*Asks:* 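Sharing a structure here in structure tokens format.
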Amino acid sequence: MLVAGGGLAALCAAIAARRAGASVWMVDAAPEALKGGNARHGRNIRVAHDGPSAFVPDGYPVAEFEADLRRADPGADPALVAPLARDSRDLPRWLTAQGVAFQPRAGDALPYSRRTVFLLGGGTAMVNALARTAGALGVRVLQGTAVEEVAPDGRAVLCGDGGRTEVTAGAVVAGTGGFQANRAWVREAFGSAADGVLNRGTPHADGRLLRALLDLGAAPAGDAAHAHLVAVDARAPADDGGIVTRADGMAWGLVLDRDGCPVRDAAHETGSARYSGWGRLVAGCPGGIAHVILDDAGLARLGRRVYAPRIMPETETLARALALDPATLADTLRREGPPGGPPWHVVSIRPGLTFTGLGVRTDADGRVLDAARAPLPSLFAAGMIMAPAVLGGRYLSGTALTVCAVFGRRAGEAAARHALA
């Protein structure tokens with residue numbers, strides 16, 4: 001069987017299928033140095049559990065996880081919500097058996113989180129561990145090769161340095177994610193607002209297999225105009241900046257748009273929800289950019305960052321840096337700015353795109369469904385290419401990796417059964 005992709009969903013699918021007895025090829029568009037997709041930037045996974053353990057405090061019952069998912073997206077597919085929450089309980093054990101290490105809770109090394117377990121060494125360590133296990137099990141991997149076309153009989157067209165090749169597999173699992181690296185498609189979905197958006201993850205999530213499945217008749221899930229956006233530092237790279245580019249400080253200072261108008265979070269989001277809330281707000285600003293202005297007290301709360309704030313010793317300097325009228329800016333700061341400045345500390349922010357909101361519909365075993373909810377023979381999908389059916393609306397931190405691991409494992413096992421039948 002054939003697994004398309006190289007991230008967490010694809011790796012879990014390949015390992016699960018190989019353990020079920022199938023012969024597995026994994027084909028990944030990324031080069032070896034960028035294997036792992038967006039999972040390389042992950043740090044924690046949301047899991048249900050009945051009580052505290054070495055990795056997580058207190059309890060987070062399955063029913064509460066289900067309720068959180070339904071509250072975040074009332075339209076989430078109930079056929080996926082229930083198995084996602086239920087199977088998440090076994091993820092720490094199963095991933096540990098595949099070589100993944102989790103960070104033990106000790107002292108103040110980790111933030112309090114009863115809903116997520118943290119990866120020891122982060123997402124890159126997880127990806128490397130899974131890749132080693134897949135190789136040891138006999139999964140054969142082609143890096144720098146993309147799956148461009150698929151058919152219900154298991155035929156697939158591969159494209160790499162050697163040109164185009166047609167192969168036939170007993171089953172195909174699509175684990176290639178969304179289309180966030182496809183600038184043309186992002187602009188088609190978001191309009192001119194796309195021009196200011198940075199892609200936080202892999203530059204190889206171009207959506208070509210997603211488009212191929214939709215053209216083949218797969219039922220769409222979600223909405224192309226939806227996406228998980230967070231506020232990131234405007235100095236971040238256009239692609240693959242990851243979690244370290246995420247910006248903060250909006251609640252401790254004054255946020256101005258490009259024209260010097262205050263930008264306010266009417267929802268007053270706190271916790272992890274503030275990141276995605278501000279991502280949407282900045283996406284709606286002129287030019288897709290805004291500026292967080294902090295005083296010394298706000299800077300102290302911000303803490304150390306990969307991208308240090310710019311220091312403006314006086315308001316006139318700040319006005320020149322932001323190309324704003326000094327008198328108007330001074331008046332805005334007097335009325336609404338932090339009380340302690342100057343000096344001012346400035347973080348310019350843009351919307352960072354983590355994953356897009358259009359995918360294909362599947363059943364709980366990852367079988368790709370058509371408009372009549374009938375399976376397309378031999379075709380399976382896992383991870384962010386099918387996640388929009390369960391992850392819409394307000395994102396729950398750590399759940400993307402849960403979707404990838406749970407449904408990657410499920411799709412791999414189901415695809416193996418199909419291929420071996």
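Numbering starts at 1 and runs along the sequence shown. As the structure is a prediction and not an experimental result, all values here were calculated from the model. Because only heavy atoms are used, hydrogens play no part in the values below, and waters and symmetry mates are left out as well, while side chains stay in.
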*Asks:* Apply the side-chain contact (heavy atoms from CB on, under 4.5 Å) test between K35 and each candidate in L130, V141, N128; give the one that qualifies.
*Replies:* N128

*Asks:* Under a 4.5 Å cut-off applied to non-hydrogen side-chain atoms, are R43 and L119 in contact?
*Replies:* no

*Asks:* Checking the side chain of D259 only, and the main-chain atoms of C261 only, is there a donor and an acceptor separated by less than 3.5 Å?
*Replies:* no

*Asks:* Treating T145 as the side-chain partner and G160 as the backbone partner, does any N or O pair qualify as donor plus acceptor under 3.5 Å?
*Replies:* no

*Asks:* Are side-chain heavy atoms of H228 and M384 found at a separation under 4.5 Å?
*Replies:* no

*Asks:* Between R367 and D365, does any side-chain N to carboxylate O distance fall below 4.0 Å?
*Replies:* no

*Asks:* For a quick test of reading the model, state the closest non-hydrogen atom pair linking L229 to R280 and the distance between them.
*Replies:* CB-N, 4.3 Å

*Asks:* Compare all side-chain heavy atoms of H41 with those of T202 and state whether any distance is below 4.5 angstrom.
*Replies:* no

*Asks:* Quick one: are V360 and L210 in side-chain contact, heavy atoms under 4.5 Å?
*Replies:* yes

*Asks:* To the nearest 0.5 Å, how far apart are CG in L8 and CG in N38?
*Replies:* 11.0 Å

*Asks:* Quick one: do V186 and N199 satisfy side chain to side chain contact (heavy atoms under 4.5 Å, CB included)? Show the steps, please.
*Replies:* CA-CA 10 Å; V186 170; N199 172 30; over 6 Å; no

*Asks:* Calculate, to the nearest 0.5 Å, the distance between atoms CG and CG belonging to D90 and L95 respectively.
*Replies:* 9.0 Å

*Asks:* Please check this pair: side chain of D295 against backbone of G340, looking for a donor-acceptor N/O pair closer than 3.5 Å.
*Replies:* yes

*Asks:* My understanding is that only one of F118, W94, F55 makes a ring pair (Phe, Tyr, Trp, His ring centres under 6.0 Å) with F102; could you say which?
*Replies:* F55

*Asks:* Is it true that S378 and R155 share a donor-acceptor pair across their side chains at a distance under 3.5 Å?
*Replies:* no

*Asks:* State whether the side chain of Q180 and the backbone N or O of F355 hold a donor-acceptor pair below 3.5 Å, judged by distance alone.
*Replies:* no

*Asks:* Which heavy atom of V147 sits nearest a heavy atom of A4, and at what distance?
*Replies:* CG2-CB, 3.6 Å

*Asks:* Got T399 and L69 here, is their nearest side-chain heavy-atom distance under 4.5 Å?
*Replies:* yes

*Asks:* So, for R258 and L324, which heavy atoms are closest and what is the spacing to 0.1 Å?
*Replies:* O-CD2, 3.5 Å

*Asks:* Which atom pair, heavy atoms only, marks the closest approach of L256 to V263?
*Replies:* C-CG2, 4.1 Å

*Asks:* If only atom types and distance count, is the side chain of S88 paired as donor or acceptor with the main-chain N or O of A48 below 3.5 Å?
*Replies:* yes

*Asks:* Would the distance check show the side chain of R89 and the main-chain N or O of R86 forming a donor-acceptor pair, the cut-off being under 3.5 Å?
*Replies:* yes

*Asks:* As a quick check of understanding, evaluate side chain to side chain contact (heavy atoms under 4.5 Å, CB included) for V3 and V139, giving each step before the final call.
*Replies:* CA-CA 10 Å; V3 176; V139 174; over 6 Å; no

*Asks:* Sort and list the pairs that fulfil side chain to side chain donor-acceptor pair (under 3.5 Å) and have at least one residue in residues 300-311, not counting sequence neighbours.
*Replies:* R310-S348

*Asks:* What pair of heavy atoms forms the shortest contact from F190 to L353, and how long is it?
*Replies:* CE1-CD2, 4.2 Å

*Asks:* Using modelled atom types only, decide if a donor and an acceptor are shared between the side chain of R350 and the backbone of G287 within a distance under 3.5 Å.
*Replies:* yes

*Asks:* Which residue pairs satisfy the salt bridge (Lys or Arg N to Asp or Glu O under 4.0 Å) criterion with at least one member in residues 215-227, sequence neighbours excluded?
*Replies:* none

*Asks:* From D233 CG over to D248 CG, what is the distance, rounded to the nearest 0.5 angstrom?
*Replies:* 11.5 Å

*Asks:* Does any part of the side chain of P343, heavy atoms only, come nearer than 4.5 Å to the side chain of D296, both counted from C-beta?
*Replies:* yes

*Asks:* Please determine whether a side-chain nitrogen of the Lys or Arg among E413 and R409 lies less than 4.0 Å from a carboxylate oxygen of the Asp or Glu.
*Replies:* yes

*Asks:* Would you check if the side chain of R114 reaches a backbone N or O of D58 as a donor-acceptor pair within less than 3.5 Å?
*Replies:* no

*Asks:* At what distance, to the nearest 0.5 angstrom, does NE2 of H49 lie from CD of E64?
*Replies:* 9.0 Å

*Asks:* Would you please test W25 and V167 for side chain to side chain contact (heavy atoms under 4.5 Å, CB included) and show each step?
*Replies:* CA-CA 11 Å; W25 278 92; V167 300; over 6 Å; no

*Asks:* Just verifying a value: how many Å separate D257 CG and I289 CD1, rounded to the nearest 0.5 Å?
*Replies:* 10.5 Å

*Asks:* Between atom CG of L84 and atom CD of E66, what is the distance when rounded to the nearest 0.5 Å?
*Replies:* 9.0 Å

*Asks:* Check T133 against G99 and note the closest heavy-atom contact, atom names and distance.
*Replies:* OG1-N, 4.3 Å

*Asks:* If the threshold is 4.0 Å, N to carboxylate O, is there a salt bridge linking R410 and D87?
*Replies:* yes

*Asks:* Run the side chain to side chain contact (heavy atoms under 4.5 Å, CB included) test on R46 and T116 for me, step by step, so that the C-alpha distance in whole Å, both residues' side-chain angles and the decisive distance to 0.1 Å come before the verdict.
*Replies:* CA-CA 4 Å; R46 184 172 289 241; T116 66; 4.1 Å; yes

